Amino acid sequence: MNVRYVFDVFAEKYDKWYEKPFGKSAFKLEKACIESLCKDLKPPLLEVGVGTGRFASALNINYGVDLSSGVLFFAKKRGIEAVKGAGEKLPFRDKVFGGVFLIVTLCFVDDPLRVLEESARVLVDDGSIILGLILKESPWAHFYEEKAIKGSIFYKIARFYSFKEIKAMLRAVKLKIVEVNSTIFEAPAESPLRFQPPKKGYHKEAGFTALKVKKASRSNHL
């Protein structure tokens, strides 16, 4: 099923998920995990796959881009300078943004390598790309894949990648990891999650992993 169609038709349903008890608690944990990697980012900031703009608004991200007109309606209402466009061909000049965010975006795009290349192209040389990921080896990915089998419209169109696959993609486009933080360590369920500060590093059991990456010319990397 076409990703753009799903988010156009079900934009309001997607946005309201974040207002449910589980959605609220997951968002709080994911936001804290991403925020822990953002201390030295300089504006302007861009979110690729901005969706309805909840993360962009909460993280003071100025600009957003998304293929779905349905979700862009909500992002613009939240004050994001959001434009319609594909992650594979970003409508911005080279080396414009101090930070580029891809928050649960790679699992919904046709060509994740091209999206990473484009994100690096619009990034200033000393800027950072922040990735928010549900990794394939996580028990939460298995939980969501089961929901897809049972008919969940959003998880049906998602593809999860392993940490090994993500690292290979980053190497292929000359990006290197400089920091990793993880969150959501409770067993998968749809009851509200208790808040815990993110843990440093990669943890296979984590429900959400955030990576900070830079262009490979940078000397400080994992």
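Side chains are part of it too, since the values below use all heavy atoms of this structure and drop only hydrogens, waters and symmetry mates. Bear in mind the structure is a predicted one, so any value in this text is a computation, not a measurement. The residues of the chain are indexed from 1 along the displayed sequence.
Here the side chains of Lys136 and Glu145 are in contact, with some heavy-atom distance below 4.5 Å. Side-chain contact between Val115 and Leu102 is present, with at least one heavy-atom pair separated by less than 4.5 Å.
For the residue pair Ser182 / Lys199, no side-chain donor-acceptor distance below 3.5 Å is found, with atom types taken as modelled. If you check the side chains of Tyr161 and Glu137, you find no donor sitting under 3.5 Å from an acceptor. A donor and an acceptor atom, one from each side chain of Ser69 and Lys84, are located under 3.5 Å apart.
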Next item on the list: Evaluate the criterion side chain to side chain contact (heavy atoms under 4.5 Å, CB included) for residue pair Phe27 and Phe55; output intermediate values, then yes/no.
Entry: CA-CA 8 Å; Phe27 178 79; Phe55 279 105; 3.6 Å; yes
Notebook entry, point to check: After noting the C-alpha distance and the side-chain angles of Trp140 and Phe208, does the key distance pass the ring pair (Phe, Tyr, Trp, His ring centres under 6.0 Å) rule?
Noted result: CA-CA 8 Å; Trp140 283 88; Phe208 184 85; over 10 Å; no
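In this structure, the side chain of Arg78 engages the main chain of Thr52 through a donor-acceptor pair within 3.5 Å. At distances below 3.5 Å, at least one donor-acceptor pair connects side-chain atoms of Thr105 with backbone N or O atoms of Val48.
The environment of Gln196 atom CD is dense: over 12 non-hydrogen atoms of other residues, nucleotides or ligands sit within 6.0 angstrom. Annotation for Tyr63: atom OH does not count as buried by contact number, only 12 or fewer foreign heavy atoms lying within 6.0 Å.
When all heavy atoms of Arg54 and Glu19 are compared, the closest pair comes out as NH2-OE2, 2.8 Å.
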